[in-house]
Colleague: 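Here you go, one structure.
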Amino acid sequence: MIQGAGTLSFEKALMDGVQEMVFIVRVERGEFFYEFLNQSAMQKTELNESAIGKTFFDTQSFDLADLVYSQYKKALETGRQIVYEDSYFDPEGNFRYSKTRLTPMLDDEGNCTHIFSIVQDITNEVEAKQESMEAWKSLEESRSYYHSLFEQNADAILTLDLNGNIRGANPVVQSHSGMALGELSGRRVLDFVVPEDRRKTLKNFRKAKKGIYTNFRITISPNKSSRLGVLVKFIPIKIREVTTGFYLIIKDMRELDQMVELYMESEKNFRVIAENAYDLIILINHRKEYLFISPSLETIFGFTPEEYKGKEPFHNVHPEDLNDLYSTLSTSIKSGEICKMRLRVGHKKGDWIWSELHGTPVYDDNDCYSHMVMIVRDVSLQKDYETKLEFFAYHDPLTGMPNRRYFQESLEMALVDYHSKGKGFAVLLLDIDKFKGINDKWGHETGDAVIREFGKRLQAGICKGDLAARLGGDEFIILLPDAEVPESAATVVERIRQGMMQPWEFGNTVLEVATSIGMTMPKPESTLSSILKEADKAMYEEKNCKKHQFDDDRL
């Protein structure tokens, strides 16, 4: 209990049911001493009852103690309640966000004798806000994609309400029909379908309402003097999983119909080609002779169909993908099922283009294999996008270095090797001394430049096979997988320190930047969490040593 503060009532704060962290700190001659910590505070931090009677600097890392001290000092000097937000690692090694409320407690003479602190965990709220921001960003990107897809699509697109009335149209529709959007809006889409195809259109519209979406052929009459054969499909417009209308995609089939008349041998070939108008279409028989190659070959891969027919089949498929291609096609022919695979296809100029192949085997009336219809699509942009997504999932956007997720997976593998093979390693945890002061004095732009330069110097100080990562803020971490003795890690530490001693110049600004480094090596009982905590402890021990040395120098 608090000595000499009998008039203060803290019973509610001491109840076992209090989930927030509660601290009561005694104020004595301008200094602060822990006088009480509730169970929640001891469970969620590394403090325990031994902290009673001690100062912040006696019980915590220098940087954390300095931050807490400054907030309590503000509450003492102003005599007012102070609220601030902070972040920390809990005893399990998890990164948490908190909101602290400091309330000065005054005696009868108006002097502050204690400061009452309640610390609320707001990790869920902060992460929800971050997720909300990401969702908003994703929504904005989706809107941009939608606008590009709708306005610039080569196919005609109508938007319909649930009764089949036209609500919108892209420029292609307006160009083909010769009608402005105002003239189209409100009219039934059936008004533009020839009478003999209206029943089919209505039937498929009703199926779409039930969640069945299919391509089907109809003839439309954009105006009284023209008829146009098209392939159409209803696609739902959903808002929060509720269908509010439909897109009607209308694909002009005149060119494909001409191709069908010239080259197609069966209804199956027609169906595949009709639905893939802008991809490369190849028909090849059981003797590996080309029956048909669409002109889009030249657009995608640079060869004319005539050039291609004169070469060996699949001559421009990457050698590493050939065996998989033959195996996939062979399996498809035997099973009769459509096959799909990704492979690299060579452009005439020598570049490799990531492509997606869909193969449909076709059989004659006697169920004997006749030929294969192959649709080949350029997916290089999609492949690049997937590669970039994977990179950003494992790398820090500011420095381009591996991030916390990348490092933790690497450390887990190193731990597996240590426990199974006895292969040692070392972990170095680093941060930038007094980085908050750099941000406050020079601004976040300079702070970001310091972070980037710090990362570059770290990477320059390690060897091939070592891993340097940014955990967040000004904290970095290094895995030395080949450092089985402390002396090996010490060599890297010294090299890093020498690198940090070089001048730090940013335009006309010259800074003094130093780092604190904590080193640890695994033990038989080590876990991912314990290694990170030991490295953190070692780093803050070095910070405290620096502080005491600075104090001694001043004396």
Side-chain angles (χ1 to χ4, degrees), residues 127-223 226-253 271 274-279 356 377 379 381-382 385-386 389:
E127 290 180 347
K129 183 177 180 181
Q130 291 173 345
E131 290 175 2
S132 176
M133 292 299 293
E134 289 297 321
W136 179 256
K137 181 180 178 182
S138 176
L139 177 60
E140 288 299 312
E141 291 177 351
S142 297
R143 288 175 175 170
S144 297
Y145 292 149
Y146 160 76
H147 184 270
S148 176
L149 179 65
F150 187 77
E151 296 294 332
Q152 302 179 28
N153 202 297
D155 293 330
I157 303 177
L158 291 170
T159 56
L160 312 176
D161 63 18
L162 292 175
N163 295 318
N165 299 316
I166 298 173
R167 288 289 176 261
N170 71 347
V172 176
V173 172
Q174 299 174 59
S175 173
H176 285 352
S177 67
M179 302 173 68
L181 179 57
E183 298 175 274
L184 292 168
S185 183
R187 297 185 60 178
R188 297 189 312 159
V189 71
L190 287 177
D191 293 343
F192 298 94
V193 179
V194 297
E196 57 267 32
D197 286 338
R198 288 177 184 172
R199 181 182 295 274
K200 182 197 297 187
T201 305
L202 187 58
K203 179 181 178 181
N204 281 282
F205 183 64
R206 289 170 177 167
K207 288 171 62 178
K209 283 187 172 183
K210 296 178 180 179
I212 304 171
Y213 315 109
T214 57
N215 294 298
F216 60 97
R217 286 290 303 266
I218 59 173
T219 300
I220 63 174
S221 180
N223 50 62
S226 65
R227 291 168 64 93
L228 181 64
V230 295
L231 180 74
V232 299
K233 184 175 185 178
F234 292 105
I235 297 176
I237 301 173
K238 291 192 174 184
I239 299 178
R240 296 179 181 176
E241 300 304 317
V242 176
T243 300
T244 60
F246 294 91
Y247 294 113
L248 180 62
I249 311 300
I250 306 171
K251 188 183 294 290
D252 187 340
M253 300 298 287
R271 188 182 308 117
E275 296 178 359
N276 295 274
Y278 298 102
D279 301 327
E356 188 171 84
R377 175 176 300 167
V379 294
L381 289 178
Q382 181 180 344
Y385 181 68
E386 292 171 354
L389 282 181

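Owing to the predicted nature of the structure, the values given are computational and were not obtained by experimental measurement. Residues take their numbers from the sequence shown, with the count starting at 1.
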Colleague: Can you name the residues that form a side-chain hydrogen bond (donor to acceptor under 3.5 Å, both in side chains) with Arg198, not counting sequence neighbours?
Modeller: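 Listed in chain order: nothing, the list is empty.
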Colleague: I need the minimum non-hydrogen distance between Arg227 and Glu196, along with the two atoms involved.
Modeller: NH2-OE2, 3.0 Å
Colleague: Please report the shortest heavy-atom distance between Val230 and Asp252, naming the atom on each side.
Modeller: CG1-CA, 4.3 Å
Colleague: From Asn163 CG over to Arg188 CZ, what is the distance, rounded to the nearest 0.5 angstrom?
Modeller: 11.0 Å
Colleague: With sequence neighbours excluded, tell me which residues meet side-chain hydrogen bond (donor to acceptor under 3.5 Å, both in side chains) with Asp197.
Modeller: none
Colleague: Please find the pair of heavy atoms, one from Asp161 and one from Arg167, that lie closest to each other, and give the distance.
Modeller: OD2-NH2, 2.9 Å
Colleague: Could you grab the distance from atom CD1 of Ile220 to atom CG of Leu228, nearest 0.5 Å is fine?
Modeller: 5.0 Å
Colleague: Atom CG of Asn215 and atom CG of Asn204: how far apart are they, to the nearest 0.5 Å?
Modeller: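 Output value for this atom pair is 9.5 Å.
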Colleague: Just how far is it from atom CZ of Phe192 to atom CG of Leu248, taken to the nearest 0.5 Å?
Modeller: 11.5 Å
Colleague: Atom CG in Leu190, atom OG1 in Thr201: separation rounded to 0.5 Å?
Modeller: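 The distance works out to 6.0 Å.
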Colleague: Do you know which two heavy atoms are closest between Leu158 and Ile166, and how far apart they sit?
Modeller: CD2-CG2, 4.1 Å
Colleague: Using side-chain hydrogen bond (donor to acceptor under 3.5 Å, both in side chains) as the criterion, list what pairs up with Arg206, not counting sequence neighbours.
Modeller: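 Listed in chain order: nothing, the list is empty.
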Colleague: Does the side chain of Ile218 reach to within under 4.5 Å of the side chain of Val194, using non-hydrogen atoms?
Modeller: no
Colleague: Do the side chain of Lys200 and the main chain of Arg217 share a donor and acceptor less than 3.5 angstrom apart?
Modeller: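 Yes, Lys200 side chain to Arg217 backbone: donor-acceptor pair under 3.5 Å.
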Colleague: Would you say Lys203 has more than 12 foreign heavy atoms packed within less than 6.0 Å of its NZ?
Modeller: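 For Lys203, atom NZ is not crowded (no more than 12 foreign heavy atoms under 6.0 Å).
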Colleague: What's the separation between atom CG in Asn165 and atom CG in Leu160, rounded to the nearest 0.5 Å?
Modeller: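 Reported to 0.5 Å precision, the distance equals 8.0 Å.
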Colleague: For a quick test of reading the model, state the closest non-hydrogen atom pair linking Phe246 to Tyr213 and the distance between them.
Modeller: CE2-CE2, 4.2 Å
Colleague: Determine the minimum heavy-atom distance between Gly164 and Phe205, stating which atoms define it.
Modeller: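 Heavy atoms only, the tightest pair is N-CZ, 3.5 Å.
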Colleague: Are Lys207 and Phe234 close enough that some pair of their side-chain heavy atoms sits under 4.5 Å apart?
Modeller: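 Lys207 vs Phe234: side chains apart.
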